[in-house]
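See structure below.
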Protein chains: 2
Amino acid sequence: MNEKSFLAAYNRADYTSPLLSVDAVLFTYHDGLIKVLLVHRSSHPDKGKWALPGGFVDEALDRNLDDTIHRKLQEKTGVGTAYLDQLGSFGGSKRDKRGWSVTVVYTAMVAHQACASLVDTVDDVRWVALEELDSLKLAFDHAQILAAARQRLRQKALYSIIPAYTLNERFTLPELQAVHEVILEKPLQKKSFRRRIELAELLIDTGEKQSEGGRPASLYRLKPDASTYTFVRNLES
Amino acid sequence: MNEKSFLAAYNRADYTSPLLSVDAVLFTYHDGLIKVLLVHRSSHPDKGKWALPGGFVDEALDRNLDDTIHRKLQEKTGVGTAYLDQLGSFGGSKRDKRGWSVTVVYTAMVAHQACASLVDTVDDVRWVALEELDSLKLAFDHAQILAAARQRLRQKALYSIIPAYTLNERFTLPELQAVHEVILEKPLQKKSFRRRIELAELLIDTGEKQSEGGRPASLYRLKPDASTYTFVRNLES
DNA sequence: GCAATAGTGTCTCTCAGACAATATTGG
DNA sequence: CCAATATTGTCTGAGAGACACTATTGC
């Protein structure tokens with residue numbers, strides 16, 4: 001039998017495959033806290049609990065998994081995400097009551113301001129501070145997924161500038177340092193922090209300043225390839 | 001409607017879900033080269049091409065994705081893998097001719113010796129040196145997946161001792177250094193390499209020696225938690 | 001002894017940690 | 001000037017790179 005006739009005879013419905021979904025842990029920084037976007041489930045299963053934004057592949061619309069998660073996040077936030085990267089896949093027979101299921105999970109980051117307008121107007125989507133997560137009922141295995149995402153975020157804060165994507169496009173160095181400090185849950189040395197970023201040449205000085213009650217801070221913008229840079233030496237963890 | 005009646009009414013066959021497979025890039029070190037295990041496809045689609053070892057979830061046997069890949073690798077090599085970790089998932093409408101599909105890919109490592117007996121006796125499974133990959137016809141998007149796995153392996157060589165899992169349980173420091181050098185495609189300083197590993201206390205000295213034509217080298221064994229250790233400072237890339 | 005391989009001594013260099021000092025704004 | 005915040009100077013220490021040196025084996 002050649003491949004053509006094999007494919008003609010092949011019918012996907014003859015094989016059961018685990019249920020596949022795509023979810024994201026979308027991080028932002030607001031009011032001195034790292035927050036994640038959660039969606040209130042209005043349908044079964046796990047109705048009434050909070051879940052990560054996500055959904056199913058639309059075979060007509062999506063060419064690949066990145067398309068799926070982009071589409072889903074756009075629906076919930078109204079904007080494209082500044083940063084997106086795959087965290088991993090979680091699969092098993094017990095995680096979803098509908099049966100054996102797999103979810104491909106992304107971590108994403110966006111400026112709080114960018115999607116404030118949409119998120120604030122709907123009541124089934126909201127930003128939840130990491131500290132507040134323990135007090136919420138989470139759907140499926142999303143508590144476990146969030147724990148893995150936090151771990152990944154922490155690593156990124158140690159060896160990259162990626163947490164900057166939780167800020168507005170233009171941001172100050174003290175703001176960026178504050179983000180890293182919140183993620184790492186420890187204070188950092190101003191001098192060390194600035195020095196490593198300056199040396200890596202990851203930022204563009206916009207020339208503008210932003211005043212915060214004292215000396216105004218310079219506003220920077222990320223260089224396009226800043227997300228791919230890794231420091232050879234990590235911050236102490 | 002409550003959840004119970006929702007689940008009773010729910011029928012997975014009513015929804016089409018992408019085809020889901022689980023594959024692995026299994027690395028080993030042999031004859032001064034890093035090699036990966038490939039399987040010759042005997043059935044459609046992509047019959048006759050070489051593919052990563054893997055397969056489909058068995059909903060009866062597998063509790064989770066790790067179970068699936070463990071089972072598949074055990075079938076092909078006859079042994080459990082020394083190291084296993086998820087690389088990522090690759091999904092899209094074009095990668096498999098049967099339709100929209102997703103594969104969850106793991107990277108794994110095993111000692112060449114451990115599975116030599118089985119692999120050498122079958123002719124549809126073989127070790128392929130990384131350098132030789134370009135000359136083989138690879139199934140699906142497996143060339144792209146292998147590129148991502150090589151990239152990941154390279155990173156691990158820079159910040160961890162994980163490449164040690166491609167060696168026998170007991171190995172010498174010059175052997176380990178050779179593995180890292182092959183992966184990074186550059187020579188390393190003996191002194192630096194030994195110093196960082198000694199400082200990290202990742203190895204147990206077995207007290208035994210292994211002779212290689214000159215002064216015999218000490219044989220070491222990995223400490224149980226060696227896979228979770230990351231150096232704060234990377235090797236230069 | 002010699003060749004071959006394993007392992008050490010020690011200097012330099014880079015970059016993070018610490019923390020004090022200086023700069024620039026608004027009142 | 002003072003309070004508040006941003007930014008810099010500079011010393012210390014950890015650990016990688018370089019490379020010459022010593023050690024232990026078989027012949």
Side-chain angles (χ1 to χ4, degrees), chain A residues 32 154-161 163-164 167 170-181 183-220 229-237, chain B residues 32 154-161 164 167 170-181 183-203 205-220 229-237:
Chain A
R154 200 185 155 76
Q155 290 306 313
K156 287 195 194 302
L158 290 176
Y159 67 72
S160 81
I161 199 178
L167 295 172
R170 293 176 311 155
F171 57 87
T172 69
L173 279 175
E175 281 170 356
L176 180 58
Q177 180 171 344
V179 172
H180 281 253
E181 287 178 339
I183 294 171
L184 298 174
E185 298 176 296
K186 68 170 250 180
L188 298 173
Q189 292 288 335
K190 276 187 296 191
K191 181 64 190 197
S192 305
F193 191 79
R194 304 178 75 98
R195 184 179 37 208
R196 77 198 308 249
I197 285 172
E198 184 172 18
L199 219 86
E201 298 182 279
L202 294 172
L203 303 183
I204 297 162
D205 190 335
T206 63
E208 297 154 296
K209 305 275 179 184
Q210 178 175 291
S211 198
E212 196 70 44
R215 173 174 172 175
S218 294
L219 280 164
Y220 297 89
Y229 185 88
T230 59
F231 294 93
V232 289
R233 198 167 156 184
N234 293 357
L235 294 173
E236 279 179 6
S237 49
Chain B
R154 199 185 154 76
Q155 289 306 311
K156 288 195 194 302
L158 290 176
Y159 67 70
S160 80
I161 200 178
L167 295 172
R170 294 176 311 156
F171 56 89
T172 68
L173 278 176
E175 281 171 355
L176 180 57
Q177 181 172 343
V179 173
H180 280 254
E181 287 177 339
I183 294 171
L184 298 175
E185 298 177 295
K186 67 170 250 179
L188 298 172
Q189 293 287 335
K190 273 190 298 192
K191 181 64 187 190
S192 304
F193 190 79
R194 303 178 75 98
R195 186 178 35 207
R196 77 198 310 250
I197 286 172
E198 183 171 19
L199 219 86
E201 298 183 282
L202 293 173
L203 303 182
D205 189 337
T206 64
E208 298 155 297
K209 305 275 180 188
Q210 178 175 290
S211 199
E212 195 71 42
R215 172 174 172 176
S218 294
L219 281 164
Y220 297 89
Y229 185 88
T230 58
F231 295 94
V232 289
R233 192 166 160 183
N234 293 358
L235 294 174
E236 280 179 7
S237 51

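Throughout, a chain's letter reflects where its sequence line sits, starting with A, and its residues are numbered from 1.
Rounded to an integer number of Å, the gap from OH of A/Y229 to C1' of C/dC15 is 11 Å. In this structure, A/L176 places its CG atom 15 Å from C1' of D/dT7, rounding to the nearest Å. Atoms CZ (A/R215) and P (C/dT24) sit 5 Å apart, rounded to a whole Å. Straight-line distance from the CZ atom of A/F171 to the P atom of D/dA6: 14 Å, rounded to whole Å. Spacing between atom CD of A/E198 and atom P of D/dA6 amounts to 17 Å, rounded to whole angstrom units. Atom C1' of nucleotide D/dT7 and atom CG of A/L173 are separated by 10 Å, given to the nearest angstrom. The nearest whole Å value for the distance from the CD atom in B/E181 to the P atom in D/dG17 is 11 Å.
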Tabulate below the donor-acceptor pairs under 3.5 Å that side-chain atoms of residues 229-237 of chain A make, not counting sequence neighbours, or state none.
none

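Residues from residues 202-213 of chain A lying near DNA chain D, meaning a heavy-atom separation below 4.0 Å, are A/E212 in numerical order. Of the residues in residues 230-237 of chain A, those placing a heavy atom less than 4.0 Å from an atom of DNA chain C are A/R233, A/L235, A/E236, in numerical order. Taking a 4.0 Å limit (strictly below) on heavy-atom distances, residues 186-196 of chain A reaches DNA chain C at A/Q189, A/K191, A/S192, A/R195, A/R196.
Of all heavy-atom pairs between A/A157 and A/P163, the closest is CA-CG, 3.9 Å. Considering every non-hydrogen atom in both B/T206 and B/L219, the closest pair reads OG1-O, 2.7 Å. Residues B/E181 and B/L188 come closest through the heavy atom pair OE2-N, 2.8 Å.
Under the salt bridge (charged side-chain N to carboxylate O under 4.0 Å, His left out) criterion, B/R154 pairs with no residue, sequence neighbours left out. For the ring-ring contact (aromatic ring centres under 6.0 Å, His included) test, no residue two or more places apart in sequence or in another chain qualifies with A/Y159. For A/A178, the side-chain contact (heavy atoms from CB on, under 4.5 Å) criterion is met by A/Y29, not counting sequence neighbours.
Pairs engaging residues 183-192 of chain B under the side chain to side chain donor-acceptor pair (under 3.5 Å) rule: B/S192-B/R195 [sequence neighbours left out]. Counting only residues at least two apart or on different chains, the salt bridge (charged side-chain N to carboxylate O under 4.0 Å, His left out) pairs with a member in residues 196-219 of chain A are A/R170-A/E208.
When heavy atoms are screened at a 4.0 angstrom cut-off, A/S218 is found touching the sugar-phosphate backbone but no base atom.
Summarising the geometry, atom CG belonging to B/L184 is positioned 9.5 Å from atom CD belonging to B/Q155; distances are rounded to the nearest 0.5 Å. Atom CD1 of residue B/I161 and atom CG of residue B/L203 lie 4.5 Å apart, to the nearest 0.5 angstrom.
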